Amino acid sequence: MSRVRLRVSHAGPLVSFQDGGRPGHMRFGVSASGPMDRFGLAVANTALGQPTGATGIEVSLGGLVLECREGEVTFAVAGGGFTIDGAGVKSSGWTVRTLHAGETLAIRGGAWGSWAYLAFAGTIEADKWLGHTATHSMSGFGGGTLRSGDLIDISEAQIREDRIGDLPCPAFAKPDGTVHVVIGPQDQHFAPSSVESFLSTPFELTDAFDRMGVRLKGERLELSEALSIPSEPVLRGSVQVAGDGVPTVLLADHQTTGGYPKIATVLSHDVDRLAQMRAKDSLRFTAVDAAQAVALTRAQAQARRAYLEEIAKPRPSLNERLLRENLIGGVVKGDET
């Protein structure tokens, strides 16, 4: 094991340290935060043999460029389908590779997705708040956002040759424009036609899109009574509607309480996929009842668990791979030519 030092030569907006978040700490008036795509960070860490919630770097579409000043370390990238350029070798999608002193790693937006996750085989040294490095974008609590010129230190850095290679991206990790919701808890505040429109017409993500949430463009959702309701706790995935009739889906850094009525709540796994969509992408909401929501969520949890268990397995060494291959096309007698 060794120590690695990286220098940030470019960081787009909202590039930050993230870990598994701080569930249960909303009582302090700050949301749990954590990665926008929780599965993406889990994949990057698991591919290196690390805990799913270990500290990584969340990279927005603005990209990230790092220079390795000293040491060497194996890294993994997952999340959106970003473009990775390390030491002059380009790839797209999810991958595990090694960065050496003097080399540069560039991660930029690619074919799909809004967030990529960079994890290292080692411990990223970052500030903590309430025991976590997850960064809350509005307050700055946690590990913090990255800017050009920052230095990143990684202790106990490892080279994991048994992990090197590309990772398959499962279809369930990509957004497909369908978002499952449970209607409510304040659907009674909306005209019946508004609930029908919410489920039958497409919406478009706007560029009012950050870690707090994303405003949608589409049919105006009329309320049937007074706008304000008593302020109450809100959750990631809540779809709240303000007085202008525009729905907003709350995301990782959402406020902890709100007084706007919520027409629906997005299922947890679809929140991750929605967060990977981009401005101007179109989506449709599909309603499920509570029993269906539980069944869908359990099925997705099982699929994610099976995928993580598979990529957690070290890859065979070169010698082991060669031994498994049939390297002889045929057998001939010694006197044959």
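Quick caveat: nothing in here was measured; it's all calculated off a predicted structure.
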salt_bridge([X], [Y]) N-O dist < 4.0 Å:
| X | Y | answer |
| --- | --- | --- |
| Glu310 | Arg305 | no |
| Glu232 | Lys262 | yes |
| Arg215 | Asp210 | no |
| Arg38 | Asp272 | yes |

Run the side-chain contact (heavy atoms from CB on, under 4.5 Å) check on Thr256 and Val234 step by step: do they pass?
-> CA-CA 6 Å; Thr256 55; Val234 294; 5.8 Å; no
Do [X] and [Y] make a side-chain contact, defined as non-hydrogen atoms from C-beta onward lying under 4.5 Å apart?
| X | Y | value |
| --- | --- | --- |
| Leu167 | Val96 | yes |
| Leu267 | Gln300 | no |
| Leu251 | Met36 | yes |
| Ile107 | Thr83 | no |
| Arg5 | Leu151 | yes |
| Tyr307 | Cys169 | no |
| Leu105 | Asp85 | no |
| Ser238 | His254 | no |

The side chain to side chain donor-acceptor pair (under 3.5 Å) partner of Asp37 among Gln276, Arg273, Gln18 is Gln276
Exactly one candidate in Asp244, Val195, Ile263 meets side chain to side chain contact (heavy atoms under 4.5 Å, CB included) with Leu221; the answer is Ile263
Would you say [Y] ends up clustered with [X] if hydrophobic residues are merged whenever their side chains have heavy atoms under 4.5 Å apart, either directly or through other cluster members?
| X | Y | result |
| --- | --- | --- |
| Phe209 | Leu216 | yes |
| Leu41 | Ile124 | no |
| Ile183 | Leu283 | yes |
| Leu296 | Val294 | no |
| Val15 | Leu99 | yes |

Whether [X] side chain and [Y] backbone form a donor-acceptor pair below 3.5 Å:
| X | Y | value |
| --- | --- | --- |
| Thr133 | Phe17 | no |
| Glu125 | Ile152 | no |
| Arg163 | Thr74 | no |
| Ser139 | Phe141 | yes |
| His10 | Arg147 | no |
| Ser194 | Phe190 | no |
| Asp162 | Pro314 | no |

Return the [atom1] to [atom2] distance between [X] and [Y], rounded to the nearest 0.5 Å.
| X | Y | atom1 | atom2 | value |
| --- | --- | --- | --- | --- |
| Ile57 | Ser16 | CD1 | OG | 9.0 Å |
| Glu58 | Thr145 | CD | OG1 | 11.5 Å |
| His100 | Cys68 | NE2 | SG | 8.5 Å |
| Trp115 | Arg211 | CH2 | CZ | 6.5 Å |
| Gln240 | Gln255 | CD | CD | 5.0 Å |
| Gln292 | Thr286 | CD | OG1 | 10.5 Å |

- Item | Residues Val43, Leu308; criterion side-chain contact (heavy atoms from CB on, under 4.5 Å); working and verdict | CA-CA 7 Å; Val43 170; Leu308 293 176; 4.0 Å; yes
- Query: Is a side-chain donor-acceptor pair under 3.5 Å present for Asp253 with His136?
  - Reply: no
Taking every non-hydrogen atom, the tightest pair across [X] and [Y]:
| X | Y | answer |
| --- | --- | --- |
| Gly80 | Trp94 | O-NE1, 3.7 Å |
| Ala54 | Asn45 | O-ND2, 2.9 Å |
| Arg108 | Val65 | NH2-CG2, 4.1 Å |
| Met277 | Leu205 | CB-CD2, 3.7 Å |
| Gly34 | Ala134 | N-CB, 3.8 Å |
| Ala252 | Arg236 | CB-NH2, 3.4 Å |

Practice task
Go through the steps to decide whether Arg97 and Ser91 satisfy the test side chain to side chain donor-acceptor pair (under 3.5 Å), and finish with yes or no.
Solution key: CA-CA 10 Å; Arg97 288 159 56 185; Ser91 62; 3.0 Å; yes
Should Val4 and Glu70 be marked as a side-chain contact (heavy atoms from CB on, under 4.5 Å) after you check the CA-CA gap, both sets of side-chain angles, and the distance that decides it? CA-CA 5 Å; Val4 170; Glu70 60 181 79; 6.0 Å; no
task = Just do the side-chain contact (heavy atoms from CB on, under 4.5 Å) check on Ile164 and Thr98 with the steps written out, would you?
result = CA-CA 8 Å; Ile164 302 299; Thr98 296; 3.4 Å; yes
* Does the ring center of Phe39 lie less than 6.0 Å from the ring center of Phe172? -> yes
Would Asp166 and Thr95 count as a side chain to side chain donor-acceptor pair (under 3.5 Å) if you check the C-alpha gap in whole Å, the side-chain angles of each, and the deciding distance to 0.1 Å?
-> CA-CA 4 Å; Asp166 291 337; Thr95 192; 2.8 Å; yes
Legend entry - Heavy atoms from other residues, nucleotides or ligands near CD of Glu222 exceed 12 (cutoff 6.0 Å):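 Yes, enclosed.
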